[in-house]
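This one's a predicted model, so the numbers in the text were calculated from it and none came from an experiment.
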Amino acid sequence: AMRTVLLTADGSPLTMLVLQPVFAPSLPGPENVSAGANPGRLQGFALAVIRPQVLLERTLQRSLHDPNQVVVNVLELMTAEQPTLLAAHPQDDQTSLAEAITPAHFKQSEFQAIQPLFSFGRAQAIAIRPGPQFYAAHPIYAGWLTGFAGLLLTAVVTLFVGFLRKVVSFLYYRQATLERLVRARTAALQESEERFRLYFDLGLIGMAITAPGKGWVQFNDRLCEILGYSRAELASMSWANLTHPDDRAMDIVQMKRILAGEIDGYTLDKRFFRRNGEIVYTLVSVGCVRTPDGALHQFVGMMQDITQRKVLEQKLYWLAHTDSLTHLPNRRHFLEQAELELTRFKRYATPVALLMFDLDHFKQVNDRYGHAAGDAVLCHVAAVTRQMLRKTDASGRIGGEEFAVLLPETDLESAWQLAQRLGQTIASSPVDTEAGTIAVTLSIGVTLFAPIDATADAVLSRADRALYRAKHHGRKRVEIEEPG
């Protein structure tokens, strides 16, 4: 029996070896006579080398790049009944050697070829035809139904492959974009953290991070400097213990608003106790950090020492509202207090009295004893007035030697009695100065707040008229003008 061997390289068939046994001829003839030949005896083997690539190039007139697209059958033609299939390529296409050969094996067409082969008096044939992979790659050459199905399958596969390529391309682009975003956000986060750490350690302001129910998480050295504590001492103390008692209430209100989710931070002026007992004025800003589900995670606080600014503000406020000589409220501040008292009077209808007085013949005091002695007299009158008033009362220097007194919840009779006592006290307490002892008297006008008063100036004008009536009637007396 003939045997076929395929020699391959890298999985691609290159050469087909056909091994043919050779027997001594059994028919007489001159060409078959050989010395010592025995009919039917095996004399050897014939080796035929067949190159499918060359045969296919002759048949299809093109190079064959994929041998798996063709089927090669080696047929024995000299059998008694019909040709017999001896071998095949691919190997899994090989059928039984006894299988009958159909006429299709010998049909010459554009896509099938028969190549005769004669070796040692035997006749074989090499039948080459396209295989299933060829028709899958070239569906137009198949039958109309098979071709249409192959074409449709090709189109579907092509579209699907194209779609997959687009999907893969989109996913790759999307992944690359996300990676760029992640890298950018990671770099921004790192930069933000480095910047925060720089500000935290720079020490321009006090900074602290606290956790609800856990106290300090971390704080910087500047916070220790502001509060006057070492790091170990500050770590053992709470935020509430450091806060001035008068400021705890407003701090608690803001914290409750944060816990309720109404706000995420607040800023306020706040006082703290330093380690040495001094009060330090600060501007505190507090913000909260929440988890993705909205739960409170940490507080971030910033503290700026504004003690010098507060001291300056208090000094400016004092200068703007206080008479620098007598340390009584000046005219502007006294009128502001009178306006507030007028508002309360109209709301609660409780009586309010107003006194207005000045020093009799004060110009003569300045001319005779000098302005320094005159200033001493004014300070004496201011001090006596403060001593005689209640904590709820208010006094002020309205002009050069003019003074005024607010008396909340005081009727006209009580106001008149106080005015009499004040005048008598001043008259009976002369002032000792370097220029000599100086005795002075007062002229006083008294009035009440009235519902018809639109402003505090209206009340002050009414008391001023009573004052000048007292001067007109001889000074050193008290006059009353009731609301008309």
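- Side chains of Y266 and D251: a donor-acceptor N/O pair is present below 3.5 angstrom, by distance only.
- Side-chain contact check for D305 and T282: no donor-acceptor pair (N or O, by modelled atom type) lies under 3.5 Å.
- Separation of the H321 and Y317 ring centroids falls under the 6.0 Å cut-off.
- Under the 3.5 Å distance criterion, with hydrogens and angles disregarded, no donor-acceptor pair is assigned to the side chains of R183 and T186.
- Electrostatic pairing of R390 and D393 counts as a salt bridge here, judged by a charged N lying under 4.0 Å from a carboxylate O.
- Using a 4.0 Å cut-off between a side-chain N of Lys or Arg and a carboxylate O of Asp or Glu, K476 and D360 do not qualify as a salt bridge.
- Ring orientation note: the planes of F449 and F345 are nearly perpendicular, at an angle over 60° on the 30°/60° scale.
- With sequence neighbours excluded, the residues that form a ring-ring contact (aromatic ring centres under 6.0 Å, His included) with H327 are W318.
- In summary, D323 and R331 do not engage in a salt bridge, as defined by a charged side-chain N under 4.0 Å from a carboxylate O.
- In terms of heavy-atom proximity, M303 sits nearest to I226 at O-CD1, 3.6 Å.
- A salt bridge links D247 with R271: the closest approach of a Lys/Arg side-chain nitrogen to an acidic carboxylate oxygen falls below 4.0 angstrom.
- Ion pairing between R462 and D453 holds under the 4.0 Å rule for side-chain N and carboxylate O.
- A donor-acceptor contact under 3.5 angstrom links the side chains of E233 and S230, judged on distance only.
- Using a 4.5 Å heavy-atom threshold, the side chains of D457 and V459 count as separate.
- Ion pairing of R477 with E479 is present here, as a side-chain N (NZ or NE/NH1/NH2) and a carboxylate O approach within less than 4.0 Å.
- Ring pair F272/W239 is perpendicular by interplanar angle, where above 60° counts as perpendicular and below 30° as parallel.
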